[in-house]
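Order of listing sets the numbers, starting from 1, for every ligand and every atom in it. This is a predicted model, so every value here is computed, not measured. Residue numbers count from 1 along this sequence.
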Amino acid sequence: MQDTWEALERECQQCRECSLCQTRKKMAFGAGNRRAEIMLVGEGPGANEDEQGIPFVGKAGQLLDDMLAIIGLDRSKVYIANIVKCRPPGNRDPLNVEQDACIGYLYRQIALLRPKIIVCLGRIAAMRLIDSKFRITKDHGVWFDVDGARLMAMYHPSALLRDESKKPETFDDLKALEREIQRICERTPVGWRTLAGKGRGPAN
Ligand code: URA
């Protein structure tokens with residue numbers, strides 16, 4: 001039977017495949033545009049996401065919104081999800097068993113969305129989706145072809161909140177993302193194209 005977003009979300013609501021279900025308040029399924037050409041994948045919900053059931057709504061989420069705005073993106077143009085959908089207690093890294101239990105749901109989201117570009121936010125997502133040996137300090141900003149999509153990782157917004165010195169490199173990664181969107185995405189205006197039709201034209 002053909003998969004649907006609604007069936008998948010219902011399954012995730014009822015999921016008891018790992019012990020995170022015992023401590024979660026709300027499962028954070030995903031947010032944004034289900035027709036987006038670009039998908040962002042983080043690690044797992046934090047306290048705010050656990051309260052609201054929506055990915056990236058805390059401080060890291062605010063920074064993520066600011067990062068997207070630099071290249072003219074917002075949540076209406078992307079889809080955001082995480083490697084695990086329930087909060088690891090104390091915001092620890094999700095364990096391998098928890099990732100293994102949850103990753104199938106993310107693969108189904110990817111299959112439903114069929115994004116042209118997937119941006120991994122941080123090491124955990126990159127190690128899962130790009131390469132288990134991924135080194136975020138060395139490999140961020142590099143493009144990989146995986147199953148017909150273009151994948152790239154950048155520093156997790158929480159890492160940027162902890163260490164501002166990583167921001168210039170992340171700016172470069174965002175500009176690389178902008179160029180790739182301009183090259184391969186047909187329905188996602190970024191950069192100058194978001195300004196088209198706004199403001200006055202040249203005085204005649
Ligand atoms: N960090 C993540 O990786 N995901 C969220 O949804 C929030 C914070």
Salt bridge flag under 4.0 Å for residues Asp50 and Lys26: no
Taking 4.0 angstrom as the limit and counting only heavy atoms of Glu43, give me the atoms of ligand 1 inside it, by number and element. 2 (C), 3 (O)
Identity and distance of the protein heavy atom lying nearest atom 4 (N) of ligand 1: Asn82 OD1, 2.9 Å
What I want to find out is whether Asp74 reaches Lys77 closely enough, with some N-O distance under 4.0 Å, to be called a salt bridge. no
So if I count the atoms of ligand 1 from 1 in the order they appear, which ones are less than 4.0 Å from some heavy atom of Gly42? 3 (O)
Between His156 and Glu43, does the side chain to side chain donor-acceptor pair (under 3.5 Å) criterion hold? Intermediate values first, please. CA-CA 9 Å; His156 193 287; Glu43 181 177 316; 4.7 Å; no
Quick test of your reading of the model: are Arg34 and Glu9 salt-bridged, counting only N-O distances below 4.0 Å? yes
Salt bridge between Glu169 and Lys166, side-chain N to carboxylate O under 4.0 Å? no
Is ligand 1 less than 4.0 angstrom away from at least one heavy atom of Gly44? yes
N or O contact, Phe56 vs ligand 1, cut-off under 3.5 Å: yes
Is it true that Glu49 and Arg87 make a salt bridge, defined as a side-chain N closer than 4.0 Å to a carboxylate O? no
What atoms of ligand 1 come within less than 4.0 Å of a heavy atom belonging to His156? 1 (N), 2 (C), 3 (O)
Going by the atom numbers of ligand 1, which of them fall below 4.0 Å from some non-hydrogen atom of Pro55? 6 (O)
